[in-house]
Amino acid sequence: MANEGGGFAILVTGFSHITKKGITTKLIAYFQSKKKSGGGECDVEIFENGNAVVTFQKRDAQKSVLERTHAITFDGQNIQLSVTQYSGELKNSQQDDHEVCSSVKNNSPCAPEVTTPPRIAQNESIEQNTLNDSPRICIKLKTEQFDHDHFSLFIECCSGTNCFQVLHTNETSVYIVEFMHNIDLNKALHTLNNKRFCGLQLVAKHLPRTKSLRITQLPELIREDFLALYFERFVKHDGYVELQMDESTQSAIITFPNSEVIEDILSKTHTIRGHTLKLHRYYKSENLTEFTTEQEREDSNPSNKDKEDLDSLTQKNEDDETKLASSFETEECQFKNKYHVLILKNQHLDKEFPHVQLHFDTSQNVVKITGMANEILKVQLKLLNKGNQITSKIIPLSRHLRVFLAQLNANGFLTQMFLDSGINAAYSFDDAEDKCILYAASETSLQKADQMLEMTFVELTVPIPENFDMDIANNFKFFIEKATTSVKREHLEFKNIKENYLLQHHMESKTSSDQSPCVTLVGYRAIAEEIKVHFKKYLNENCMKDCFIEVSSLGVFEYIQRFVNFSEILPGINIDYVNNEQLLGLQIRVNVKNATQTEALIMDVLKQVKSTKKQLDKPGAVQFFSKNKDVLKKLENPYQCIIFMENQEGQQTNSDIKKLEIITTVMFLNKFQISVIKHDLAIHECDVIVNTVSDAMDLSQGPVSKAILKQAGPELQINTNNAKGSTTFQAGDVLPVSTMNCGLHCQEVYNIICCHWSADKASQAEELLRTIIQKCLKNAHESHYKSMSFPAIGTGNLRFPKNTVAEMFFEEIKKFSAENPTSTLKRVKLIIYEKDLDLYSSFEDALLIAEGLPLNELLFYKEFRKAQKVPDSPPANMTREVETVSSLLLTNIGKITFELRCDGISKNGNILVVDYSEKKTGFDTISRGRVYYIKLRGQADFTKNLLKALQTCGNHQYDFLYIPIPKQQGSDFSTGSSSRDLRGFAASVIDSIYQYGDTPQATPIHVIVNDSSSDHVRVFQEMLSKHQAGRSGIFNTMTKYFGGWLIGNQTEDARDIQEHSVQPVKFQIYSMKEENIEEAWADIQKLATREHMEKTIPVEISFEMFTQEDYDEIEECCSKLHVAYQLDRAGHSISLSGCITDICSVQDVIFKVCHNIAKREVTLQEELFIMDKVCWKFWLDDHWETFNPTVNACLEKAYNEKENEVQVKIGGGDFCVIDFQKWTLTDSNATSYSIDRRCSGDELPDTWEIRGNDSTSFEVPVKPDSSEYQEIARDFQDSLGDIAFCQTFKIDAITRIQNLSLWRLYIAKRNEMNRLRPHQQNENILYHGTYSNVCSKINADGFNRSYCGLNAVVYGEGTYFAQHAKYSAQDTYSKPDATGSKLIYRARVLTGDYCKGRKDMKEPPLKDPQGNSRERYNSVTDKMESPEVFVVFQDNQAYPEYLITFHN
């Protein structure tokens, strides 16, 4: 219902428990925000009962608000508001509105146009339950003679309330009673009907809300259809009205579609043709019309005399009036907004056009014009002209000034201020767009209004000095209010305005580095400028002086901070303790007059603090006290001292943050990173921490909960209580609690309730724990957390078996992973007590089982861990040191004995020595007695050259192969793809030994790398360990996991420990008493002795298998933890001395290193297995190079997964791209190389440029400058003997025969022969002279024994080959052509087992002449000792590898 100012009101309840102070501003801000509440410009009035009435200027705002639900936040509370349409009347005499608007005159043009509805104003509002409930009852009396006061008292007694009013009706004995509060109407009606009034019985009944109005004193000649249309405007789209006119009583009854329209219409004043209509509620069922007073009822029924006078008065000009009335019309002019209508209203157009009636409706933004048609047109033109002249301007006001003017202008105060100054202007604040707009009738008026605002109101900023005591900033409000009251007395023009509407202040915090805090004053300029002067004086009077007293050391600083009570020495002085990178000392805020005396007193206290340095030399003491600073802290309070440790640089440190110590981290299920950690759960950093609590959620109970509460502070218990509420918890429940405002490094804490474990209820307890773990994982998953930390739940006072808890953790994590494959939870950390080795062992065992280790092997090695005795001798095939001075390293690699020596050649027997030749020619072998020298030139593959040297030793049955350590300068032993440094040399040597040892032709050879030094041992050990992966048995492999678990010895008579890694720990102790320092030092020494431990860790893996990185990792850990250590190679153990927990950590690192060695061995074994089946190669220069095993395995995996390309890193360099579509390798320089995949059986020579799937036959000329050409030419010349030294001798060409079909037949035969005769050399390089006319046939189809007999068949009818080219070069076998050119094939021939041949042989003879065995010889020869000629009888026993063209 509208208020007296023409607004649309709502009743707001639900905040009666909030004090009125501050809530008004909150409600105004909320309901003025269209975005928040749907409202708009409004006024708010708070009643004494705690309810409020909000009045909007637009009906749409009221409707929008009523359609929504509302809630506000006030002082941290969320308050739900109840909003209903208001049916009462706002008070006229509210003090604030009266004082603000006292200068607005009732008869001014700016005053509200509507008149007060005929209702009695009440001080309290009526809160309705629903719109259909009516607070009215009808009382019928049987008498008209009674005292009205007596009647009111009677109603009060029957209803129990005095908040009502008695209304009259058209029946003199019938009255209507309207109640202002909700009461029990049924009870009141029952009392009224059963109680007598003045001795007479009355009848009371409830009146429902009516849909009808009765209009009295209608103007004459008004038409029924005009009246109906007039009121149908209020119905809008809801329907039509029913109208019944009674011309005899000058009244009409109008019925509307619903009762809500009645309240809306009664809230407005309705004027037709200058006549104000009288509206009354009409109850059809009772035929009653409601009147406010008895006089109003009498006025609605004019007497007959009055009627006759009126008839005679109007009869005179009856015809003219009828004609005139019928010609009246009403038109509307729509304008942009209500401010345009308001400015037009102040133009006083009614004086210029007296024959028309103007109605300025600011709620609808229209001007209604009633009159003659021609007059209406004139007025419309005038209005439009004036409206077009209205101008506006956006005023750039600050935020505080906008709010102040919006509050001040709540009832049009600024507009009236302009009018009083003769300025036709209006002020508007658009809440939706957050801007202030000034409207005026002209540019001149707009300029004057703008100037007036600027001169009248102001916003002033008073900066707060940096040295001002902000603790008294809360007194600003009191001071400014007091000063405003004082200044107001001097300005009489403001006497009727409240101080809050004169001046407001706002505290502005520091927003940038160059802007200081300040106070903003907003209000009337005259008041604000005077207050600014007073306030600046007030700020200057309350400034403080800051003094800084530097403290010489951190120990003195902490001592006075903890043990000196300055509040007793210097009462009232504010002292801050400053400790940062730049300053260390005391910051004092004191009055200037007391500054000098205060500084002197504090300096005297600082001088009384004494300092003493102490040093402790026990191994591991540094690390123990570094990790357990809380132990030192516990000594400080009893002895009233401060204890500091000095770091390695001699600086003091007092950090209490324990460093994270990760024992084991693994990728579980290739998805979860699971870490077993020795750490304080309370200071761990992750998304979620799991905490065990009691069912009462009391965090002060239990060791884990206490530690978390201590770190988090009391806010965690408050947050827990808020999350808990009134809920009762039991075992198995999980309560997530926020860590807001807590000192934890996580987002939430999951408080879980577990039960005790007992043998009789073990299954129930274990199932409960599984449920808890699943709930925690599920909550973290649903919250999209990435990491969480568990304690070892139940392993303490709840008595759960440790191994059971460990197994459950990994089983539940595995189950969770299967159910949530896409979970964001990737890191799970299990925090254990750092001294509980049994618990750690249980978690390690459970992890190995979860990763797939068989249970029987785990049980075996559990027993092995308990062993106290170290094995007497190392396992076989392990590298060991030799006690002789010259031998540095000796080990067996299959049939090969490898030795590293520091001397020269010292062995007896046939010796082959590698000679690094700088010449670019040949692979020469030179004999010097029993010592043979093989010259190796620098080539692309140094490993391949060493392999040839080993093959030479095997072919010629040499006993020793000496490989000297090459000189770093002048040697080019490892160019190309091999490394130039010592590590590359060692890798080449070991690789070649392993490659030779894996061939069937391998013979026992003693390989010696001489001219070595002790610095070379570790490099060769590293290379040996890389090749021993997978070659040890299951026992050696598994001891890598558990070799370091033997229980240590803490006695003093342990091994002699080298303490080169031990550093003394230095302490600085501060106190005012010397005796306190000495007593604290004695306790520190006792702690160090108690925590010291010595332990021997057996190592089942040979030390020679350790790489340099493995040694470095162990050494780094020992050095970091200050643990003294000694490697006992003879005893296969490592002795440790240091702190208990640190030794456990070093032990874990040793375990990790052994574990990694085992993994390396397994990985290399897998790679070598793949390489044995499939070999990938790339074409480099003039031959195929083989990828290393790691790259080979990577390529094979990508090939099998049908990838198009893959990136690999070769030789430690840049990444190369392998394209499986094009079969190319492209390096970082965009150079491409061909690649090939060779399966077992596709053993193509590395010099062939074709791939394994190419069946085409090629005759490829060998380039003279290639290493392939040089090697073949050298062997050919050596085999020719004297012929090669003839002046006419010349090699014209060497052609490589690449026939894949012939080659595979040959290889198949060779593999079969090697399988049957694995321990002998079955293949030889032999020569075969030929003619040019048969070369093409041999190249295409191989050697054909069908052509035998052309030259000779002395030893059988087969194909003949010579041991030396000199034999085949005879003209008989290699006939020269016309130019003298001759041809000889260099062939691979499978001679195998042979015997002396005969002329008539067509196949090799049987080995057993008696015929007991059908096995035959493979070939025949001219003689058994030093054979020169071999004859084979199968075509696939020989392959024409090269065709040599030469001149003799």
Side-chain angles (χ1 to χ4, degrees), residues 551-566 577-580 584 606 609-616 618 620-648 650-661 678-685 699-700 702-714 716 742-745 831 833-835 1064-1092 1121-1122 1138-1142:
V551 179
S552 58
S553 67
L554 184 61
V556 175
F557 176 85
E558 284 209 6
Y559 183 86
I560 61 174
Q561 186 179 20
R562 291 177 55 185
F563 302 115
V564 176
N565 189 357
F566 279 111
Y577 295 86
V578 180
N579 180 8
N580 53 45
L584 180 67
L606 295 177
V609 182
K610 302 177 178 62
S611 171
T612 302
K613 290 185 177 181
K614 300 289 184 179
Q615 180 170 309
L616 189 63
K618 275 197 175 296
V622 172
Q623 192 67 13
F624 169 73
F625 286 110
S626 297
K627 294 194 302 181
N628 297 276
K629 290 189 175 63
D630 55 333
V631 175
L632 298 177
K633 291 295 181 184
K634 291 179 181 177
L635 297 177
E636 293 179 346
N637 286 335
Y639 297 115
Q640 292 283 299
C641 66
I642 296 295
I643 305 173
F644 275 157
M645 285 175 53
E646 292 186 358
N647 58 20
Q648 296 179 1
Q651 299 174 346
Q652 295 177 357
T653 173
N654 65 333
S655 173
D656 291 330
I657 299 178
K658 296 182 180 180
K659 190 172 182 180
L660 177 69
E661 185 178 356
K678 294 178 181 177
H679 198 219
D680 185 355
L681 179 66
I683 60 176
H684 193 47
E685 185 173 352
L699 303 186
S700 62
V704 175
S705 185
K706 281 182 180 179
I708 293 177
L709 181 62
K710 180 180 178 182
Q711 180 69 24
L716 184 61
C742 300
L744 297 176
H745 304 289
I831 313 300
Y833 178 53
E834 59 185 10
K835 295 185 180 181
V1065 55
K1066 299 178 182 179
F1067 296 92
Q1068 192 89 7
I1069 307 177
Y1070 298 85
S1071 180
M1072 286 186 174
K1073 297 180 180 180
E1074 291 285 353
E1075 56 270 23
N1076 291 354
I1077 295 176
E1078 295 302 324
E1079 291 175 359
W1081 173 242
D1083 280 1
I1084 291 174
Q1085 291 176 306
K1086 292 178 183 178
L1087 286 171
T1089 302
R1090 186 180 66 190
E1091 295 295 329
H1092 181 72
L1121 299 179
H1122 300 273
C1139 179
I1140 297 175
T1141 56
D1142 298 334

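Everything numeric here is computed off the predicted structure, so don't read it as measured data.
In this structure the side chain of Asn579 reaches within 4.5 angstrom of the side chain of Leu554, judged on heavy atoms. Side-chain atoms of Tyr559 and Val556, non-hydrogen and from C-beta on, never get closer than 4.5 Å to each other. Between Cys641 and Ile643 the shortest side-chain heavy-atom distance falls below 4.5 Å. In this structure, the side chains of Phe563 and Ile642 come closer than 4.5 Å at one or more pairs of heavy atoms. Under the 4.5 Å side-chain criterion, counting only non-hydrogen atoms from C-beta, Lys706 is not in contact with Leu709. Considering only heavy atoms from C-beta on, Phe557 comes within 4.5 Å of Tyr577 through its side chain. Using a 4.5 Å heavy-atom threshold, the side chains of Phe625 and Leu1087 count as touching. Looking at Met645 and Leu632, their side chains come closer than 4.5 Å, going by heavy atoms from C-beta outward.
Remark: Thr612 pairs with Lys614, Glu1074, Ile1077 by the side chain to side chain contact (heavy atoms under 4.5 Å, CB included) rule, at least two apart or across chains. Remark: Lys1073 pairs with no residue by the salt bridge (charged side-chain N to carboxylate O under 4.0 Å, His left out) rule, at least two apart or across chains.
Listed here is the closest heavy atom pair of Ser1071 and Gln640: OG-O, 3.0 Å. Of all non-hydrogen atoms in Trp1081 and Ile1069, the two that sit nearest each other are CB-CD1, 4.2 Å. Taking all atoms of both residues into account, the shortest heavy-atom contact from Leu699 to Ser705 is O-OG, 2.7 Å. Considering every non-hydrogen atom in both Ala1080 and Leu635, the closest pair reads O-CD1, 4.2 Å.
Put simply, CG on Leu584 and OG on Ser552 are 8.0 Å apart, with the number rounded to the nearest 0.5 Å. How far CD of Gln1085 is from CZ of Phe1067: 9.5 Å, rounded to the nearest 0.5 Å.
Side chain of Lys610 to backbone of Met1072: a donor-acceptor contact under 3.5 angstrom is found.
Salt-bridge formation is detected for the pair Glu558/Lys633: a Lys NZ or Arg NE/NH1/NH2 atom is positioned less than 4.0 Å from an Asp or Glu carboxylate oxygen.
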